[in-house]
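Notes follow once the structure below has been shown.
The sequence lines fix the lettering, A, B, ..., with proteins before strands; numbering per chain opens at 1. Worth knowing before you read on, the calculation uses all heavy atoms, side chains too, and leaves out hydrogens, waters and symmetry mates.
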Protein chains: 2
Amino acid sequence: MDLNSRKFKILQAIIDDYILYGIPVGSRTISKKYNMGLSSATIRNEMSDLEELGYLEQPHVSAGRIPSVKAYRLYVDSLIKSGVLEGTSSLNLQSYFNKHIKHIEDILSHATQVLSELTNYTALAILPKDTSEKIRNLKIIPVTKDTALLILVMQSGSVYNKVIRINSGLSVDTLNHISNLLTESLSNKNIDEVSGVLFDLIKDLNSNRDFLIKLSDSIKYMVNYENHNKLTLGGTSNIFNYPEYASVEKAKSILTLLDTQDELVELLKQYGEMQFTVKIGPENGIIGLDDCSIITATYSTPTNARGTIGIIGPTRMPYKHIIQILNNVSYELTNLFDDN
Amino acid sequence: MDLNSRKFKILQAIIDDYILYGIPVGSRTISKKYNMGLSSATIRNEMSDLEELGYLEQPHVSAGRIPSVKAYRLYVDSLIKSGVLEGTSSLNLQSYFNKHIKHIEDILSHATQVLSELTNYTALAILPKDTSEKIRNLKIIPVTKDTALLILVMQSGSVYNKVIRINSGLSVDTLNHISNLLTESLSNKNIDEVSGVLFDLIKDLNSNRDFLIKLSDSIKYMVNYENHNKLTLGGTSNIFNYPEYASVEKAKSILTLLDTQDELVELLKQYGEMQFTVKIGPENGIIGLDDCSIITATYSTPTNARGTIGIIGPTRMPYKHIIQILNNVSYELTNLFDDN
DNA sequence: TGTTAGCACTCAATAGCAGTGATTGCTAAT
DNA sequence: ATTAGCAATCACTGCTATTGAGTGCTAACA
C-alpha cells in the first residue's frame, strides 16, 4: 500500500477542510463537499489506509480524522515544490512605512507589526548579525570620574553604546586622544580585526595597556551579543484568535516562551541558515511547543547580513497563504533596506 | 446607620478572606474562621447593612458576598494611614543585580523583572523624563551620501541617536566642524535651551540655516519622545496565575493593552505626579480595565528626574503585601541610581 | 435592645441519564 | 474495485433531580 494520487487528493482535501474549520473531518464531508465522485464508504476505506500510513489521526473513534504532522509536512513540501515561493510580491511594504528614515530596529519592529496584522499570527524576528560589518567611528565620552561611555558606530549606521569603567588616572584629553586614535585605526575594520589592531596599538603606545584590552573586549561584546539576543515581536495577543489556545494553560505556555525569548532567539538564529523554513509541530524541537508551527524567512541588509523574520501559530495553519505573505514580507524587507 | 468599628472589622475580615481565596465569603465563614464571638446570624445582619452602605456586593442571592471597589478603597486608605509605607526596606535589590555598570534602561528592565517575580503580577515602568538634564556631547557622523547619524549624550550617560537627512552639499569636514561647534555651545545646556543657542549660532554662522533648524527639531524630538513612550514590562504572563483571567477574552483584553502601550504609558506618566498611587478597578479610568488595579510608585535618579514603576493585576489583590514590596523596590531603585 | 437559633427559600453547581447525530468498520451485494 | 447498508461507538446536548452554601426573616432569649 502506498500513497497513490487518489489518496493524496483525499488527504489534501482533509487538510484543507481541517485548516479551514479546525474540526475533525469525516468521510461524508469529503465525499460531498469535495466532489470526488466517490462514496463516503470508499473515502472511508482510503482514510483508514491513510491512517495506517501515518497521515491521519483520530481523536476518538466516532470523530472524524485530523491530519498528522507527517501529513502537514507532505502538504507543505508539495506546496513549496509547486512553486509557491516564486512569483513577485503583490504587497507594497514600503507604503506601510512613513517616510522618515529609520534605524533598522524601527524598521524591523514595524515589519513584525505589519506581518502580524497580515497573517493574524504572532510575528517574531531577530536583527541580522554581520561579523563582516565595518566600524565607522568610535568615541569615548567621560561621564563620571570613573565611568565613560563607549559609543561605536558601524558603517550601516547601527549604534552600540556601553558604560565602561575607566581608570581614574585617565584625563579627558587622554581619552579624547585614544578615542581619535582608535577611530582612525579601527574605521573600516571589522570586529574580528579589532583585537589585532589594538594589539599593534598597544605595542606602539606602550601605555594604557589594560584599558585598551578592556576596550577590545567591550567592543566585541557589544557587537556580538547586544541586540542579537533580543526578539522583536508583533501581535503577541493574536494567539488568542485560535481555538487551539482557548485553554489558558496553552496560552500561558506560549506567552511565557515569548517572554523568555532565549529559546526562540536560538531557534531563529538556527533557522537563519536557511532561506526559508517551515517547522511543523514537534519539528521545532522546543518542548511544550509541540502543537505550534514556526515559519521563517531570512531577509538581508545591503551588507549581505542576514536576519530572520517569521510567525508562530498553531499547527493547523493556512500554510500556503502564510508562506506567500512571509515570502513577500521578507522580500520587501530586503528591498526596503536596499533603498535606504 | 454608619460604619462602626464592628462593621469595619467584619468588612476587613471579608476582604482578607476574599483576597486570599477569591470566592464569595458567607456569614458562616466569618463567624467561624475569624472568631468574632458573634453568630452567623448577626454577621448576616451586619453584612446586609454593609451591602446597603455599598461596601459589599452579591454575585447572586445564594452566594456569599464580595468586597466592592468602595470597600477596597477604604481598606487601602486605612492601610496607608496605618503607616504601611514606612519602615525600612528589608529587600536588597542591589544583590539582584550583577556588578556590571549598566544603562538606566537595563536597570529598569531588570527591576521590573524582579518586581514581577516578587509580586507574581505583571510589572510595568517608564523611564524618567528630565527636561532639566544637561547635554554632554553631540556628534554628527555621516553614514551615506545624504544621511548621517546624530548622536546625543546626556550628562547622565543616556544616549540618543537618530538618522537624519543631510544636504548632500555638506562635506564631512563641515559636518565635523558643526559637530564640534555644537558640542561646545550645547554642552551643559538643557533641552529647552537648545533652540535659543542654535538661533544665536545661526546668526553667527549665517549659513546652514535649514540644517541647524532641522537639527534642533531632531534633538528635541529624541529627548522628548524617544524612550519616554515605551513601557518596560516584566512578567507579562503572570496574568494567567489568577482565576480572574481564566477566561480568554479577559486575558486577551489586558494583553492587548500591554501590547499597545500608549494608554498605559499615559497613565503612568500621569501617576508620576504622585509619590504613590493605588487605583482600584474603574478608578484607573481605562475602559476594559474595570477589574484591574494598578499600584505605582515613583523612583528618582540622581538628577531628581522621576520615573514610575508599578504593577497591574486583578482588583482582588493582597494590597498590603504588594504596597510594601513596591515601596521597597522604588526605594531601592532610587538608591541604586545614587550609587551608580 | 441586641443577639441568636431556626427555618423556609433561593439558586448555582453537579451528577445522572436518555436521546441525538456524526462517524466508523465491517459485510455483503453490485 | 466500489458501494450500500447496518450495527456499534461516543462526544455532545439538554433535561431533571439533588446538593449545599448561603440568605432573609421571625421568634425567642439574655
Side-chain angles (χ1 to χ4, degrees), chain A residues 1-11 13-15 17-18 20-68 71 243-244 246-247, chain B residues 1-11 13-15 17-18 20-68 71 243-244 246-247:
Chain A
M1 179 177 58
D2 61 345
L3 192 71
N4 58 33
S5 111
R6 191 172 77 178
K7 279 193 174 58
F8 185 77
K9 253 177 74 183
I10 291 173
L11 182 57
I14 293 172
I15 295 175
D17 201 83
Y18 185 67
L20 203 54
Y21 302 106
I23 45 176
V25 189
S27 54
R28 206 146 174 278
T29 311
I30 298 301
S31 166
K32 286 182 113 178
K33 277 210 313 205
Y34 295 83
N35 47 310
M36 295 266 167
L38 291 171
S39 77
S40 68
T42 310
I43 307 284
R44 215 140 53 226
N45 289 329
E46 295 288 40
M47 281 166 84
S48 179
D49 289 353
L50 284 167
E51 181 167 359
E52 207 176 314
L53 287 165
Y55 292 109
L56 292 179
E57 284 164 6
Q58 238 180 332
H60 58 86
V61 65
S62 74
R65 283 174 167 100
I66 61 173
S68 68
E244 278 87 344
S247 94
Chain B
M1 178 177 57
D2 61 345
L3 194 71
N4 57 34
S5 110
R6 192 173 76 177
K7 279 193 173 57
F8 185 77
K9 251 179 75 184
I10 291 173
L11 182 58
I14 293 171
I15 294 175
D17 202 83
Y18 185 68
L20 202 54
Y21 301 106
I23 44 177
V25 188
S27 54
R28 204 144 175 278
T29 311
I30 299 301
S31 165
K32 286 182 111 178
K33 278 210 313 205
Y34 295 84
N35 47 310
M36 296 265 167
L38 291 171
S39 79
S40 67
T42 310
I43 305 286
R44 215 140 52 227
N45 289 329
E46 295 288 41
M47 281 166 85
S48 180
D49 288 354
L50 283 167
E51 181 167 0
E52 207 176 314
L53 286 166
Y55 291 108
L56 292 179
E57 284 164 6
Q58 238 179 332
H60 58 85
V61 65
S62 74
R65 282 172 168 101
I66 61 173
S68 68
E244 278 87 344
S247 95

Short N/O separations, protein against nucleotides 17-19 of chain C, under 3.5 angstrom:
none

Distances for protein N/O vs nucleotides 7-10 of chain D N/O pairs under 3.5 angstrom?
residue	atom	partner	partner atom	Å
D:dC10	O4'	A:Ser62	OG	3.1
D:dC10	O2	A:Ser62	OG	3.2

With the criterion being N/O to N/O and under 3.5 Å, what pairs connect the protein with nucleotides 4-9 of chain C, and how long is each?
residue	atom	partner	partner atom	Å
C:dT4	OP2	B:Ser39	N	3.1
C:dT4	OP2	B:Thr42	OG1	2.6
C:dG6	O6	B:Arg44	NH2	3.2

Atom pairs and distances, donor-acceptor, side-chain atoms in residues 29-37 of chain A, under 3.5 Å, two or more places apart:
residue	atom	partner	partner atom	Å
A:Ser31	OG	A:Leu38	O	2.9
A:Lys33	NZ	A:Asp17	OD1	2.8
A:Tyr34	OH	A:Asp17	OD1	2.8

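Summarising the geometry, atom NZ belonging to B:Lys9 is positioned 13.0 Å from atom CG belonging to B:Leu11; distances are rounded to the nearest 0.5 Å. Atoms CG and CD1, on A:Leu50 and A:Ile10 in that order, are 6.5 Å from each other to the nearest 0.5 Å.
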For side-chain contact (heavy atoms from CB on, under 4.5 Å), just list the numbers for A:Val25 and A:Ile15, CA-CA rounded to whole Å, side-chain angles, deciding distance to a tenth of an Å, and then say yes or no. CA-CA 9 Å; A:Val25 189; A:Ile15 295 175; over 6 Å; no

Step by step, would you call A:Ser40 with A:Arg44 a side-chain hydrogen bond (donor to acceptor under 3.5 Å, both in side chains)? CA-CA 6 Å; A:Ser40 68; A:Arg44 215 140 53 226; 3.2 Å; yes

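A pairwise comparison of heavy atoms in B:Met47 and B:Gly26 identifies CE-C, 4.2 Å as the closest pair. Closest non-hydrogen pair, B:Pro24 versus B:Ile66, comes out as CA-CG2, 3.8 Å. Of all the heavy atoms in B:Tyr55 and B:Ala71, the pair that sits closest is O-CB, 3.2 Å.
For B:Ser39, the side-chain hydrogen bond (donor to acceptor under 3.5 Å, both in side chains) partners at least two apart in sequence or on another chain are B:Thr42. For A:Gln58, there are no side-chain hydrogen bond (donor to acceptor under 3.5 Å, both in side chains) partners, not counting sequence neighbours. Residues satisfying the side-chain hydrogen bond (donor to acceptor under 3.5 Å, both in side chains) criterion with A:Glu46, sequence neighbours excluded, are A:Arg6, A:Lys7. Remark: B:Glu57 pairs with no residue by the salt bridge (Lys or Arg N to Asp or Glu O under 4.0 Å) rule, at least two apart or across chains.
Counting to the nearest Å, the P atom of C:dT24 and the CZ atom of A:Arg65 are 6 Å from each other. Per the geometry, CE belonging to B:Met47 stands 16 Å off C1' belonging to D:dC25, to the nearest Å. When the C1' atom of D:dT23 is taken as reference, atom CD of B:Glu52 falls 15 Å away, rounded to whole Å. Taking atom CD1 of B:Ile43 as the reference point, atom P of D:dC25 lies 18 Å away to the nearest angstrom. The CD-C1' distance, from A:Glu46 to D:dT3, rounds to 13 Å in whole Å. Atom NZ of B:Lys33 and atom C1' of D:dG22 are 15 Å apart (whole Å). Between the P atom of C:dA22 and the CG atom of A:Asp17 lies a distance of 15 Å, rounded to the nearest Å. Distance B:Gln58 CD to C:dT10 P: 14 Å, rounded to the nearest Å.
For B:Ser27 (side chain) and B:Ile43 (main-chain N/O), no donor-acceptor pair under 3.5 Å exists by modelled atom type.
Checking D:dT2, C:dT24, C:dG25 against the side-chain heavy atoms of A:Ser48 singles out C:dG25 as nearest.
When the C1' atoms of four end pairs are superposed on the next four at each end of the helix from C:dT1-D:dA30 to C:dT30-D:dA1, using five pairs per end, the two resulting axes differ in direction by 20°, to 10°.
Contacts between residues 21-30 of chain B and DNA chain D, counted as heavy-atom distances below 4.0 Å, involve B:Gly26, B:Ser27.
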